[in-house]
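Remarks on the structure that follows.
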Amino acid sequence: MTKTKIIAALTAVFACILPAKSAAPVKIEYEASLNVNASTGNFAPYMLASWNYGRFNGANGIWHDGMLKKEMTLDKRFNWGAGVEYLLGYGSAAEYSRYDAANDKWGFSSVRQAPVRLHQLYAEVKFRGVYLLAGMKERRSGIVDNRLSSGDLTRSNNACPIPGVAVGFVDFQNIPFTDGWVQIDGEIMYGRFMDKDYRTKTFSHYNGHISLDNWYTYKRCYFRTKPSMPFSVTVGMQTAGVFAGYTKWYSKGKVVREAYRGFHFRDIFDMFFPIEGNGDSYYKGNSLGSWDFKARYDFSNGSRLSAYFEWPWEDGSGIGKATGWDGLWGLQYDFGKKGIVSKAVIEYFDFTNQSGPIHWAPGDRPGTDITSSVTGGDNYYNNDVYGPYSNYGMSIGSPFVVSPLYNLDGYPEYTHNRARGFHAALEGLVSDAWNYTAMVSYQRAGGMGRRPIAKRLHDTSAKLAVAWKPCDKLKGLSLKAEVAFDAGNLRGNNFGALIGLSYSGSFKIGKKQ
């Protein structure tokens, strides 16, 4: 077929599909920003490096952030969205201890964030209340406030997005025959970790294990009562999983065990409802998640009070809530109007129970005389096969627990997940052009779920951020300044500041004829 005939055939096809008149113009939003930060420690303070989807965490840096996106709106049965975001710049390096087995000596591995990074790249489409998404896109929690909370326990805004494919409801949907009194929301996502190079460079290669080329899954199901009523409740579960790939275990610099699992199409189904695999007592993959609850009441003056909790689980004992008070417990009050204080959040965080420090499964020790089982030692966010629940060293769950990124000794896991503390935050307007956010947290941590330490460590962290958005003549321009510090022997004594300048706007492509 000649080129002319091919073009004619395609033209005929599109003439049948498209309406006689072209669709409305497409609105494209854009934003460009420049951020500069400086700190006194090895990394940016906890509250500067957290909750930005892993954009930066180095002690010092200068980064340009550019983004283009088309929002997927919900006002039509069929709609689509897409976006791309990149980062260009330079960040200071951190020195990780690393063992050289060939020469039997210790050295350092210098690691910094890549100077050119693709942060988001996605396309999504929806029909009625269902959507399909492909790529990597920032996601928001359905329970906690992304701006003010210490972070969602299962999928927070702390680590960079994981590329994958997701399908779910675009928002809460009415369940038939309930007259809108019961709604459902859910999502299923499968993706793949791309941080193999980072994990390899930051691992000590001496003790512990390293798991690479892993795949990721996330699932959520929430139910909500009628949101138009003054009182409404949301309840449900989140679950995440890490599977496939391969793992190497090290002891004193030598590989003592290897497991190559690879990826198989059946893994997708096996991870939907985790089952025992390979004929042994282990369940396939590393599954974890949280039971979630949120109740809110809308007052007649426009204000809103919300109370919520997220209860973590790592196995059956956690799902059965044999973990005491472990979880995130919070209150949020929205004043419903602009003012010196427009929102306030206070949270209590507890990861100290973890079903107790002992885990014993007879199947793990063939020939043992002890046949009873003890399902304790949950060791939140760590796994003996698949490693830490993190992406590029940053916690995918709550950043309140110190992420593996900060382990300069090259140990790959969360070393202080047995933690307890408080978090509080405020935001408001000083004037029409000036707004602020203030946060403070305190925690004490005592080692890992199965290996507590004798003396607990502590940390106090705080941040003050102010932003200036000028009058209409400079609409789209924004200037922000942030200062933060860490004090204590858990994260160390750090002080840092950030200054950012950004400009955002929109334009339309296409013409309505």
Side-chain angles (χ1 to χ4, degrees), residues 28-39 41-71 81-94 110-124 133-140 146-147 151 155-164 191-202 216 390-396 399 403-406 463 465 467 476-482 484 496-506:
I28 306 296
E29 300 177 47
Y30 64 86
E31 183 173 353
S33 64
L34 182 67
N35 295 286
V36 180
N37 74 290
S39 309
N42 294 304
F43 299 95
Y46 157 57
M47 290 190 171
L48 285 186
S50 302
W51 311 304
N52 62 33
Y53 294 95
R55 281 180 171 82
F56 71 89
N57 48 52
N60 309 301
I62 177 169
W63 295 98
H64 161 62
D65 190 335
M67 180 179 64
L68 286 171
K69 67 177 179 179
K70 188 271 180 187
E71 289 282 6
V84 59
E85 181 180 0
Y86 63 87
L87 287 162
L88 301 174
Y90 175 85
S92 58
S110 182
V111 181
R112 60 166 48 89
Q113 290 180 291
V116 181
R117 285 178 284 146
L118 192 59
H119 184 70
Q120 293 189 85
L121 179 64
Y122 64 90
E124 55 188 345
L133 180 145
M136 46 189 181
K137 181 185 180 183
E138 296 178 353
R139 316 306 293 274
R140 300 183 64 83
N146 269 28
R147 286 175 51 83
R155 187 174 67 175
S156 72
N157 54 343
N158 189 54
C160 61
I162 299 171
R192 190 181 188 280
F193 288 95
M194 305 300 290
D195 61 349
K196 178 179 180 178
D197 186 60
Y198 170 85
R199 292 194 182 207
T200 302
K201 288 181 178 179
T202 56
Y216 175 76
S390 63
N391 192 25
Y392 287 95
M394 299 293 281
S395 173
I396 301 172
S403 296
L405 172 90
Y406 301 96
K463 181 180 80 169
L477 185 69
S478 178
L479 177 66
K480 68 178 180 180
E482 302 180 4
L498 177 145
I499 297 177
L501 178 67
S502 66
Y503 185 81
S504 61
S506 64

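We count residues from 1, following the sequence as given. What you see below is based on every heavy atom in this structure, not just the backbone, and it leaves out hydrogens, waters and symmetry mates.
When all heavy atoms of Pro399 and Ser156 are compared, the closest pair comes out as CD-OG, 4.0 Å. Taking each heavy atom of Ala49 and Tyr406 in turn, the nearest pair found is CB-OH, 3.9 Å. Considering all non-hydrogen atoms of both residues, Leu121 and Leu118 come closest at CD2-CD2, 3.7 Å. Nearest heavy-atom pair, Lys137 versus Leu133, reported as atom, atom and distance to 0.1 Å: CD-CD1, 3.5 Å.
For the pair His64 (side chain) and Leu87 (backbone), a donor-acceptor distance under 3.5 Å is absent. A donor-acceptor contact shorter than 3.5 Å links the side chain of Gln113 to the backbone of Gly54. When atom types are taken as modelled, the side chain of Asn146 and the backbone of Trp51 share no donor-acceptor pair closer than 3.5 angstrom. With hydrogens and angles ignored, the 3.5 Å screen pairs a side-chain donor or acceptor of Asn158 with a backbone N or O of Ser395. Side-chain atoms of Ser39 never come within 3.5 Å of backbone atoms of Gly496 as a donor-acceptor pair (strictly under, hydrogens ignored). A distance-only check finds no donor-acceptor pair linking the side chain of Ser110 to the backbone of Ala93 [under 3.5 Å]. Under a 3.5 Å cut-off, the side chain of Tyr216 and the backbone N or O of Pro163 do not form any donor-acceptor pair. The backbone N or O of Met394 sits nowhere less than 3.5 Å from a side-chain atom of Ser403 that would complete a donor-acceptor pair.
Residues forming a side-chain contact (heavy atoms from CB on, under 4.5 Å) with Asn391 (at least two apart in sequence, or on another chain): Ala159, Cys160, Ile162, Phe193, Asp195, Ile396.
The CG atom of Asp197 sits 8.0 Å away from the OH atom of Tyr392 when rounded to the nearest 0.5 Å. Remark: Ile499 CD1 to Lys480 NZ distance equals 11.5 Å, nearest 0.5 Å. In this structure, the separation between CG on Asn37 and CD1 on Ile62 is 9.5 Å, given to the nearest 0.5 Å. Note that CG of Leu88 and CZ of Arg117 are 9.5 Å apart. Values are rounded to the nearest 0.5 Å. Rounded to the nearest 0.5 angstrom, Lys463 NZ and Ser50 OG are separated by 8.5 Å. Remark: Glu29 CD to Lys69 NZ distance equals 5.0 Å, nearest 0.5 Å.
Among residues at least two apart or in separate chains, salt bridge (Lys or Arg N to Asp or Glu O under 4.0 Å) pairs with a member in residues 44-68 are Arg55-Asp65, Arg55-Glu85, Arg55-Glu138.
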Between Arg199 and Ser390, does a side-chain contact (heavy atoms from CB on, under 4.5 Å) hold up when you go through it step by step? CA-CA 10 Å; Arg199 292 194 182 207; Ser390 63; 4.3 Å; yes
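By the 30° and 60° cut-offs, the orientation of the rings of His119 relative to Tyr53 is perpendicular.
At least one side-chain heavy atom of Leu477 sits less than 4.5 Å from a side-chain heavy atom of Leu501. Taking the side chain as every heavy atom from C-beta outward, Tyr86 and Val116 never approach each other to under 4.5 Å.
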